[in-house]
Amino acid sequence: MKLALRAPAKINWFLSVIGKRGDGYHEISSVMQCVSLFDSISLERSGSIELVTDMDLPAEQNLIYKAAVLLRDFAGYKGGAVISLKKNIPSAAGLGGGSSDAATALLGLNRLWELNLPVSVLAELAGRIGSDVPFFIGGPLALAEGRGERLTPLSLRSPVWLLLVKPSLSVSTPWAYGHYAPKLTKKVIDIKLFCLSLDRKDFVSLRQMVFNDLEEAVSGRYPVIAEIKEALLKSGAVVASMSGSGPTVFGVFGTREEAVAASGRMEGHWRGVVSTLTAAGYHAEHEEVS
Ligand code: C5P
């Protein structure tokens with residue numbers, strides 16, 4: 001048996017940093033959203049775990065490899081798998097690519113190895129790999145709290161078009177969290193109102209609710225992020241914000257055509273026109289079996 005899977009990228013509609021915890025992590029509140037940009041992963045049974053990829057990173061440091069070893073050891077499985085990874089999602093971009101790959105590997109290997117572990121167990125293992133990994137076990141839209149692992153699924157009926165723009169630099173997540181400046185007054189988002197605004201494409205309301213507490217520090221160090229955001233808004237984005245710990249900025253557009261036209265004006269950066277994934281499309285997009 002061979003499994004061919006697609007691992008989606010994400011954006012953070014908003015990311016509120018609530019405070020620093022005793023364990024070195026930060027308490028957050030964020031709405032995370034899967035988008036139609038995918039890494040491709042294929043899995044085939046083998047005697048040992050092997051990762052085939054053109055990524056410039058030792059296999060042992062790759063989250064997908066760590067996920068496979070963790071699952072095998074947890075389940076006491078004796079075999080392995082050849083895991084082939086084709087990257088389309090830029091790395092260290094704030095788009096959750098590595099986390100999504102790891103979650104997709106857990107889901108896929110659970111089937112390939114016929115372990116039949118429940119999703120709740122996979123989500124717990126995912127949390128050991130990284131804060132964003134549990135989100136990708138469930139997807140495609142959820143409120144993430146705690147350090148990101150406490151999830152409440154949300155739903156969106158119709159997709160929204162986005163233009164993703166990433167300057168050619170990488171941001172370290174620990175650096176971003178280590179340099180954000182706590183604000184005296186915190187924005188508190190009404191999640192029901194947020195979902196209603198998203199569903200109705202009420203971009204005026206949405207504009208008040210899309211923000212990222214890490215953005216000020218990261219764009220302070222890399223001013224190109226603020227320039228991209230400004231350019232997106234000038235190009236017709238109804239709202240724009242940095243995703244995760246950056247440096248990717250997303251702009252929301254009324255139509256795909258508008259997003260494509262704006263992309264043509266952003267030369268010099270990596271760009272992707274994507275749509276948000278809704279629950280209906282998510283599983284079909286996520287699991288491609290051959
Ligand atoms: O969980 P993950 O390994 O992805 O986190 C990487 C780093 O990002 C952590 O070591 C921590 O410095 C920072 N982080 C944080 N609070 C979070 C998530 C990540 O401080 N909620």
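These numbers were taken from a predicted model, which means no experiment stands behind them. Counting starts at 1 for both ligands and their atoms, in listed order.
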*Asks:* Which option out of S131, S245, P174, A144 puts a heavy atom nearest to atom 12 (O) of ligand 1?
*Replies:*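 The nearest heavy atom belongs to P174.
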*Asks:* Hey, can you tell me if F250 and W13 have their rings parallel, tilted or perpendicular (30° and 60° cut-offs)?
*Replies:*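 Judged by the thresholds at 30° and 60°, the geometry between F250 and W13 is perpendicular.
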*Asks:* Before signing off on this row, confirm whether T173 and ligand 1 have an N or O atom pair separated by under 3.5 Å.
*Replies:*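 Not met; the criterion fails.
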*Asks:* Report, in ascending order of atom number, the atoms of ligand 1 lying under 4.0 Å from any heavy atom of G24.
*Replies:*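 Once the distances to G24 are compared, the set is 20 (O).
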*Asks:* Would you mind checking which non-hydrogen protein atom is closest to atom 14 (N) of ligand 1, with the distance to 0.1 Å?
*Replies:*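 So the nearest neighbour among protein heavy atoms is Y177 CD1, 3.5 Å.
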*Asks:* Going by side chain to side chain donor-acceptor pair (under 3.5 Å), name the pairs with one or both residues in residues 132-152, residues two or more places apart or in two chains.
*Replies:*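 Pairs touching residues 132-152 that pass the test: S131-R147.
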*Asks:* Could you name the option among H26, E145, R128 that has the heavy atom nearest to atom 21 (N) of ligand 1?
*Replies:*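 Among H26, E145, R128, the closest heavy atom to atom 21 (N) of ligand 1 belongs to H26.
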*Asks:* So, the side chain of K20 versus the backbone of G178: is there a donor-acceptor pair under 3.5 Å, distance only?
*Replies:*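 Answer holds: no.
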*Asks:* Begin from the C-alpha positions of F194 and F14 and carry the test ring-ring contact (aromatic ring centres under 6.0 Å, His included) through to its verdict.
*Replies:* CA-CA 10 Å; F194 178 85; F14 66 81; 5.7 Å; yes
*Asks:* Has G146 got any heavy atom lying under 4.0 angstrom from an atom of ligand 1?
*Replies:*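 Heavy atoms of G146 never come under 4.0 Å of ligand 1.
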*Asks:* Any idea how Y180 and H26 line up, ring-wise: parallel (<30°), tilted (30 to 60°), or perpendicular (>60°)?
*Replies:*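 Rings of Y180 and H26: perpendicular, over 60°.
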*Asks:* Please list, in number order, the atoms of ligand 1 under 4.0 Å from a heavy atom of G130.
*Replies:*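 Numbered from 1, ligand 1 contributes 1 (O).
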*Asks:* Tell me: protein heavy atom nearest atom 9 (C) of ligand 1, and distance?
*Replies:*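 Result for atom 9 (C) of ligand 1: Y25 CE2, 3.8 Å.
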*Asks:* Given the side-chain rings of W161 and F253, with only the six-membered ring counted for Trp, is the space between their centroids under 6.0 Å?
*Replies:*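 Not close enough - the centres of the two rings lie 6.0 Å or further apart.
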